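Only a predicted model underlies this, so the values are computations on that prediction, with no experimental measurement involved. Keep in mind that the numbers below use all heavy atoms, side chains included, and drop hydrogens, waters and symmetry copies. The chains referred to below are lettered A, B, ... by the order of the sequence lines, with proteins before strands, and numbering in each begins at 1.
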Amino acid sequence: MTFQSILDEIRNNLNKVLSELSISDISFSVEPAKPGFGDVSSNISYLLAKQLKKSPQQIAQIISENYNKNIHTLVLKSEPHPSGYVNFFANWNQLSQLILSESNLDTFGFVELGKQSTIVVEHTSVNPNKALHIGHVRNIIIGDCISRILKKADYKVNVLNYIDDSGLQVADILVGFTHFNFDQEPPNGKKFDHYCGDDVYVKTTQKYEEDPSLEDIRKNILKELEDGSSETAKFADVITRKVLANQLETCWNLSVTYDCLNFESQIIRSGLWSEIFEKLKEMKLVEFENDGKNTGCWVIRGDGKEEDKVIVRSNGTATYIAKDIPYAAWKLGLLDDPFHYEKYPISQPNDQKLWQTTLNDSDSSENDFTGQKVITVIDSRQARLQKIITDLMAKFKSVEDAYVHLGYESVTLSSDTAKTLGLETEGKQTQMSGRKGLYVSADSVYDLLKEKTIQETSKRHPEMNSEEIGDIAHNVAVGTLRYEMIKYDLDKIITFDLTKSLSLEGDTAPYIQYTHARASRILEKSGRTPSIDVNYSMLSEKSELDLVKTIGLFGIAVKDSANNLSPKVIARYCYDLAVSFNSFYEHNKVLGIGDENLENSRLCLVNSFKMTIERALDLIGITAPEKM
RNA sequence: GGACUCGUUGCACAGUCUGGAUAGUGCGAGCGGCUUCGAACCGCUAGGUCGAGGGAUCGAAGCCCUCCGAGCCCUCCA
């Protein structure tokens, strides 16, 4: 694992030094050094200070001296720092060789964390009554990046999208179609999902406020939805599948794909709920209330000071959270699978197979989309409900962390952007609202970014045709949007601003993609494929070795990212790698330097960089064009 | 009222999980760099009581406690 190799070597040798000094059981750190402190650092002497009754400086001195007596291959020397750290300097002749030759392998960056265990990643799960907005995009991109990263970390990943096709939001647009005469054909070529969200949904919910008696119609429609044989349910199926197809277009356009679509209507009709409800009763996880404010309901007891949660109403119907319980249990493979699977009629990009659940047992294939672990990506406003599910699953499965709610903060609109949508917020950011029509759609942001990129690219490449420019603009637009969605920590609110969030400069995807284009250009101009059999010891400039080192850190970044379910780590790695390359590019010429051997070595380095940035970007679903 | 999350330079963030050296980056501001492998770039300068207070520690932006500020959740809504 490249840079990990030198960390391992140092750890082993330090342990040897410790045992020579008859010291044991110290868990010290061995990590990549901060700039200016060698290549690797250890805090070992701080930890021994008390035991040895010596200052960290003195101990660092002793350890370094002893360390240098040992045989080492990847380390040149160990050096005590006056602060007390023990710093190590790499033998770059050896380490460059190791890192750069490994970087040529397809498996570069692969880490054996999952050991081929199965894991479910569920994301997207947007009600099929509207187009995706920028807030949904955060969910989708986080989920997609996590699945890509987990695959790189040796997990078998099943990506699911839960289609809530029988909920209240769907009922609302049905009310619009059936009672307010909304045309089923959108006006002047508008995408159907946008039409349903912008027009039918918003205007129908407006009418509820004007006329509360409409609530009865709404409730009726909702009830009919749950009965699969009703005309309403059949109509709903037509509408929601049209919306879903449009939503998937948006996702696919952003390089997001799935393995299986799970329809809520089918979960309801499968009878999984009554199965799990019996189990809950047996395990005494739900209780029937004979008095109090929840009289006649089945509830889950609140934790500590939390209120009890009703899961079956006194009229016998299940609440929102109740529907999630059988699905969660199904995802973990705790229930007999009632579903059959058929191919989704439209094919995904790259022909990746997409399945959908069906209760129809003819003409279907055997599949298993469950996992030993489950990660559900839902925004953190649902944390309370997800905690209830998590607790239940821990009891069902008898494994603590089998079900993980991966929460993230929402995307809000900046005051300026809200104003362009007609809402005055007095300088404050504001939550989006589908019901109020207060949102920025994913498609419109993509279009804006693409248009902007087309302009930039045309300026630079007047010789290109529009198709070529369009391809580049697509990759840059998708990259920019994806990067913007994951570069912040999951628990930071993203305030989306129609002008400020669409920058193509600084810490953005185009910056990283641009370095890739620079590298590609060098390789193209060199007119040859770099040979791997070169003497890497010719690489000795600081910026060269920094680049080699950053390339070598790929695997460590993947491991960190997978362990912490943090796509941001890969985004930052990509950025660091690009910064490293730009520094190298600024300080060293590759072509026409009059030294064939050095040129060869640098070409190899450029090639390793190009392959590594491509692989790293791929983990966050970003493609870097050859030219831009 | 209770639960959870956040607070680091003018703005937006990284670093906090796993304590240790000189707290990093981008935007913005000021200055400088294309007859050179692509300036969507690079270099330099200015800008920080790490929300406040206390505690444990040889050592805290990081761990524990209290407080303040912001967000969000707490329906027989979804």
Original post:
Whom does B:C31 pair with, Watson-Crick or G-U wobble, provided both distances fall under 3.5 Å?
Top reply: B:G43
Sequence neighbours left out, cut at 3.5 Å: what donor-acceptor pairs do the side chains of residues 588-598 of chain A make with other protein atoms?
from: A:Asn588; atom 1: OD1; to: A:Ser543; atom 2: OG; distance (Å): 2.7
from: A:Asp595; atom 1: OD1; to: A:Asn597; atom 2: N; distance (Å): 3.1
from: A:Asp595; atom 1: OD1; to: A:Leu598; atom 2: N; distance (Å): 3.1

Subject >> Integer angstrom distance from the P of B:G71 to that of B:G32 >> reply: 43 Å
**OP:** Kindly write out the residues that satisfy side-chain contact (heavy atoms from CB on, under 4.5 Å) with A:Ala383, not counting sequence neighbours, or none if the list is empty.
**Re:** A:His405
**OP:** Would you please say whether a donor-acceptor pair under 3.5 Å links the side chains of A:Tyr208 and A:Asp172?
**Re:** yes
Original post:
What nucleotide among B:A21, B:U57, B:G38 has an atom nearest to a side-chain atom of A:Lys627?
Top reply: B:G38
**OP:** Look through every strand shown and name the nucleotide pairing with B:U66 as Watson-Crick or G-U wobble, where both distances are under 3.5 Å.
**Re:** B:A52
**OP:** Can you check each nucleotide of nucleotides 72-78 of chain B against protein heavy atoms at under 4.0 Å and return B for base, S for sugar-phosphate only, - for none, in 5' to 3' order?
**Re:** SSS-BSB
Original post:
Could one point to a donor on the side chain of A:His461 or the base of B:G38 with an acceptor on the other under 3.5 Å away?
Top reply: yes
Subject >> B:A60 and B:G54, which share atom name P, separated by this distance in whole Å >> reply: 13 Å
Original post:
5'-most contact on RNA chain B: A:Asp560 or A:Leu591, nearest heavy atom basis?
Top reply: A:Asp560
**OP:** Whole angstrom is fine here: how far is it from CD in A:Glu484 over to P in B:G26?
**Re:** 15 Å
Subject >> Sugar-phosphate only, base, or nothing, as touched by A:Asn588 at under 4.0 Å among non-hydrogen atoms >> reply: base
**OP:** Grab the OH-C1' distance between A:Tyr575 and B:C27 for me, whole Å please.
**Re:** 11 Å
Within the sub-3.5 Å range, which N or O atoms of nucleotides 10-14 of chain B have a protein N or O partner, and how far apart are they?
from: B:C13; atom 1: OP1; to: A:Ile493; atom 2: O; distance (Å): 3.3
from: B:A14; atom 1: OP1; to: A:Asp489; atom 2: N; distance (Å): 2.9
from: B:A14; atom 1: OP2; to: A:Lys492; atom 2: NZ; distance (Å): 2.5
from: B:A14; atom 1: O2'; to: A:Arg572; atom 2: NE; distance (Å): 3.0

**OP:** Could you give the distance separating B:G24 and B:A61 at their P atoms, to the nearest angstrom?
**Re:** 13 Å
Original post:
Sequence neighbours excluded, which residues qualify as ring-ring contact (aromatic ring centres under 6.0 Å, His included) partners of A:Trp298?
Top reply: A:Phe277, A:Phe288
**OP:** For A:Phe496, check ring-ring contact (aromatic ring centres under 6.0 Å, His included) against everything at least two apart and list the hits.
**Re:** none
Subject >> Length of the line joining A:Leu52:CG and B:C58:P, which is rounded to integer Å >> reply: 16 Å
Original post:
What distance, rounded to whole Å, do you find between the two C1' atoms, one in B:G48 and one in B:A14?
Top reply: 15 Å
Subject >> A:Gln169 side chain reached by A:Ile173 side chain, heavy atoms, under 4.5 Å >> reply: no
Could you go over nucleotides 39-41 of chain B and give all protein N or O partners under 3.5 Å, atom names and distances?
from: B:A39; atom 1: OP2; to: A:Arg518; atom 2: NH2; distance (Å): 2.9
from: B:A40; atom 1: OP1; to: A:Tyr514; atom 2: OH; distance (Å): 2.8
from: B:A40; atom 1: OP2; to: A:Arg460; atom 2: NE; distance (Å): 3.0
from: B:A40; atom 1: OP2; to: A:Arg460; atom 2: NH2; distance (Å): 2.7
from: B:A40; atom 1: O4'; to: A:Arg460; atom 2: NH2; distance (Å): 3.2
from: B:A40; atom 1: N7; to: A:Arg460; atom 2: NE; distance (Å): 2.9
from: B:A40; atom 1: N6; to: A:Thr457; atom 2: OG1; distance (Å): 3.1
from: B:C41; atom 1: OP1; to: A:Gly506; atom 2: N; distance (Å): 3.3
from: B:C41; atom 1: O3'; to: A:Asn582; atom 2: ND2; distance (Å): 3.4
from: B:C41; atom 1: O2'; to: A:Arg518; atom 2: NH1; distance (Å): 3.0
from: B:C41; atom 1: O2'; to: A:Arg518; atom 2: NH2; distance (Å): 3.2

Original post:
Does any N or O in the side chain of A:Ser561 come within less than 3.5 Å of the main-chain N or O of A:Ala557, such that one atom is a donor and the other an acceptor?
Top reply: no
Original post:
Which is true for A:Lys589 with a 4.0 Å heavy-atom rule: it touches a base, it touches only sugar-phosphate, or it touches nothing?
Top reply: base
Original post:
When the P atoms of B:A46 and B:U25 are considered, how many whole Å apart are they?
Top reply: 13 Å
Subject >> P-based separation of B:C42 from B:U5 [nearest Å] >> reply: 37 Å
Original post:
In whole Å, what is the span from the NZ atom of A:Lys428 to the P atom of B:G69?
Top reply: 14 Å
Subject >> Listed partners of A:Tyr403 passing ring-ring contact (aromatic ring centres under 6.0 Å, His included), at least two apart >> reply: none
Subject >> B:C27 versus B:G47 - spacing of their C1' atoms, nearest Å >> reply: 14 Å
Original post:
Roughly, in whole Å, what's the span from CG in A:Leu577 to C1' in B:U25?
Top reply: 16 Å
Original post:
Judged by modelled atom types alone, do A:Ser265 and A:Asp165 share a side-chain donor-acceptor pair under 3.5 Å?
Top reply: yes
Between side-chain atoms of residues 575-583 of chain A and protein atoms elsewhere (two or more places apart, or another chain), which donor-acceptor pairs fall under 3.5 Å?
from: A:Ser580; atom 1: OG; to: A:Thr550; atom 2: OG1; distance (Å): 3.0
from: A:Asn582; atom 1: OD1; to: A:Arg518; atom 2: NH1; distance (Å): 2.6
from: A:Asn582; atom 1: ND2; to: A:Tyr511; atom 2: OH; distance (Å): 2.9

Original post:
With centres under 5.5 Å and planes under 30° as the test, does A:Tyr85 stack with B:A21?
Top reply: yes
Subject >> B:C6 to B:U75 separation - P atoms, rounded to the nearest Å >> reply: 24 Å
Original post:
Can you list every pair that meets salt bridge (charged side-chain N to carboxylate O under 4.0 Å, His left out) and has a residue in residues 38-48 of chain A, with sequence neighbours left out?
Top reply: A:Asp39-A:Lys549
Subject >> Pairs touching residues 378-388 of chain A that satisfy salt bridge (charged side-chain N to carboxylate O under 4.0 Å, His left out), sequence neighbours left out >> reply: A:Asp303-A:Lys387, A:Glu306-A:Arg384, A:Asp379-A:Arg381, A:Lys387-A:Asp391
**OP:** Under 4.0 Å between any heavy atoms, over every strand shown, what does A:Ser41 touch: base, sugar-phosphate, or nothing? Just pick one.
**Re:** base
**OP:** Name the pairing partner of B:G24, where a pair is Watson-Crick or G-U wobble with both distances under 3.5 Å, or state none.
**Re:** B:C13
Original post:
Residues two or more places apart in sequence or in another chain: which of them pass ring-ring contact (aromatic ring centres under 6.0 Å, His included) with A:His123?
Top reply: A:Tyr258
Original post:
B:C37 P sits how many Å from A:Glu544 CD, rounded?
Top reply: 19 Å
